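Along the sequence shown, residues are numbered consecutively beginning with 1. Because the structure is predicted, anything quoted here is derived from the model rather than measured. Both ligands and their constituent atoms are indexed starting at 1 by order of listing. No hydrogens, no waters, no symmetry mates; every other heavy atom, side chains included, goes into these values.
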Amino acid sequence: MSQAEIGLIGLGTMGAMLALNIAEKGFPIAVWNRTVATTRAFHENAGDLAARITPTETLQALVAAIKPPRAIILMVPAGPVVDDEIAALTPLLSPGDMIIDAGNANFHDTDRRAADAAKGGPRFLGIGVSGGEEGARHGPSIMGGGERADWDRVAHILEAISAKYEGTPCATYMGPGGAGHFVKAVHNGIEYADMQMIAEVYGVMRDGMGLSAAEIAEVFQGWNAGPLQSYLIEISGEVAAATDPIGGGPILDMILDRAGQKGTGRWTAIEAQHLAAPITVIEAAVAARNISARLPERQAGQALFGAAPVGLGTGALSIDTLEQALICGKILCYAQGFAMISAAAAAFDWPLPLPDIARVWREGCIIRSAMLNDMATALTDHPDRNLMLAPAFADRLMATHVALRNAVAAAAVHGLPMPALSAGLAYFDMMRTARSTANLIQGQRDFFGAHGFDRLDGADSHHGPWGSHG
Ligand code: 6PG
């Protein structure tokens with residue numbers, strides 16, 4: 001067996017799929033998993049690809065099986081396990097060898113690991129890999145962070161295994177340290193928001209209009225042929241159309257409404273506060289998952305306050321209005337997400353390539369959609385301009401914000417929750433209000449805290465005529 005070109009640790013779902021993808025693209029790979037039986041079973045089930053896969057049963061054997069300078073991918077749970085694997089590998093590796101964390105690491109951890117690597121020890125890359133099991137096997141979107149030279153060493157493999165958009169690999173270097181995992185976290189925040197907004201219009205169709213899962217599936221399938229074409233709309237149609245293998249009815253009606261979260265969306269919301277980057281749609285989506293998890297309280301609430309009455313009726317809202325509302329909310333959410341990336345680029349001095357970020361999201365990742373190519377074009381023209389101010393998207397917002405307003409208003413009147421879409425509407429309204437109400441905030445702050453304020457008719461800080469009141 002010729003020596004492997006790369007190694008991989010962690011043969012869970014994502015790791016196993018990634019290893020098969022790497023082997024399939026012609027790169028001999030050595031693999032190791034903490035449980036030997038898993039490694040053996042993986043190799044036994046690898047079919048024709050087994051010839052390019054070297055299963056190993058010790059870390060020493062893994063290292064020995066890889067051609068120096070080595071590169072070893074970690075596909076293990078984010079957090080201390082990554083540090084444990086780095087510690088176990090380091091004494092076995094030689095100068096120039098590299099560890100690549102391809103899990104959903106918090107970018108602060110990746111920054112720390114990259115800084116440690118810079119002091120000596122193995123080289124270190126942190127890459128965000130998006131696309132779930134299917135993406136890992138047949139083409140994920142890959143967002144790289146670390147030293148550029150280290151990325152360049154393995155870029156040929158990462159580009160080969162990545163998704164392709166019209167032949168272009170969806171794998172790009174984002175910047176130093178944790179830049180790749182940061183961009184992945186923002187991807188996940190947008191993912192949460194996309195999913196939440198789709199769930200909100202699903203709620204209006206189910207609880208407001210009384211549509212069945214099958215009818216809702218047809219709506220999503222129809223939308224997937226239009227401006228909302230995306231992986232998440234596509235799979236929402238699949239989920240709504242699927243039959244419960246046990247009861248025979250729609251499986252969607254049998255799924256418990258308590259959302260899980262591994263935490264990447266939460267990290268994005270936390271980081272946005274540090275960056276003073278308003279991502280109100282993503283924050284609303286994270287909060288909605290937290291509220292959904294409080295099922296007993298919600299059950300008590302319904303018993304006390306009563307559920308929202310069905311009977312919105314199609315008169316108040318049409319399916320087309322919901323589609324337009326979703327288009328509007330999506331643009332506003334992505335505008336917030338890219339603005340947060342811009343804020344991070346400035347705060348961390350990262351040369352984050354916003355147009356390339358939109359490009360690598362066009363295929364392979366969970367938020368892949370038709371709109372992303374236009375976003376890449378808009379960001380290429382003006383990387384630092386808020387996406388909602390780009391002519392192509394300003395036009396779409398002008399054409400759809402009334403629908404968003406009508407959808408949010410009708411849902412509110414009927415008690416149908418739309419936290420993410422209403423956050424998007426509020427953001428739109430704030431962003432098109434040149435004279436906001438923050439003057440009162442400044443007056444209040446100066447009244448009780450003498451914090452001062454600027455005047456419209458002059459510069460410098462002033463205080464109000466309230467003396468020591470308050
Ligand atoms: C992706 C997904 C993936 C996600 C997990 C868990 O890009 O492939 O974002 O990385 O983290 O599916 O997601 P939750 O945070 O919803 O648990």
Are there any N/O pairs under 3.5 Å between ligand 1 and the protein, and if so, what are their distances?
| residue | atom | partner | partner atom | Å |
| --- | --- | --- | --- | --- |
| ligand 1 | 7 (O) | Ser130 | OG | 2.6 |
| ligand 1 | 7 (O) | Lys184 | NZ | 3.1 |
| ligand 1 | 8 (O) | Gly131 | N | 2.9 |
| ligand 1 | 8 (O) | Gly132 | N | 3.0 |
| ligand 1 | 9 (O) | Lys184 | NZ | 3.4 |
| ligand 1 | 9 (O) | Asn188 | OD1 | 3.1 |
| ligand 1 | 9 (O) | Asn188 | ND2 | 3.1 |
| ligand 1 | 9 (O) | Glu191 | OE1 | 2.5 |
| ligand 1 | 9 (O) | Glu191 | OE2 | 3.2 |
| ligand 1 | 10 (O) | Asn104 | ND2 | 2.8 |
| ligand 1 | 10 (O) | Lys184 | NZ | 2.9 |
| ligand 1 | 11 (O) | Asn104 | ND2 | 3.0 |
| ligand 1 | 11 (O) | Asn188 | ND2 | 3.1 |
| ligand 1 | 15 (O) | Tyr192 | OH | 2.6 |
| ligand 1 | 15 (O) | Lys262 | N | 3.2 |
| ligand 1 | 16 (O) | Arg289 | NH1 | 2.8 |
| ligand 1 | 17 (O) | Lys262 | N | 2.8 |

Residues that His108 engages under side chain to side chain donor-acceptor pair (under 3.5 Å), provided they are two or more places apart:
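Expected list: Glu271.
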Which residue pairs pass the ring-ring contact (aromatic ring centres under 6.0 Å, His included) test when at least one of the two sits in residues 231-278, sequence neighbours left out?
none
Is any side-chain heavy atom of Met98 closer than 4.5 Å to one of Val154?
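Yes, their side chains come closer than 4.5 Å.
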Identified side-chain contact (heavy atoms from CB on, under 4.5 Å) partner of His181 from the options Asp101, Asn106, Asn104:
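Among the candidates, only Asp101 passes.
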Show every donor-acceptor pair shorter than 3.5 Å between a side-chain atom in residues 234-253 and any protein atom, with sequence neighbours excluded, or say none if there are none.
| residue | atom | partner | partner atom | Å |
| --- | --- | --- | --- | --- |
| Ser236 | OG | Leu232 | O | 2.6 |
| Asp244 | OD1 | Ile246 | N | 2.9 |
| Asp244 | OD2 | Gly247 | N | 3.0 |

May I ask you to decide if the ring planes of Tyr173 and Trp151 are parallel, tilted or perpendicular, using 30° and 60° as cut-offs?
tilted
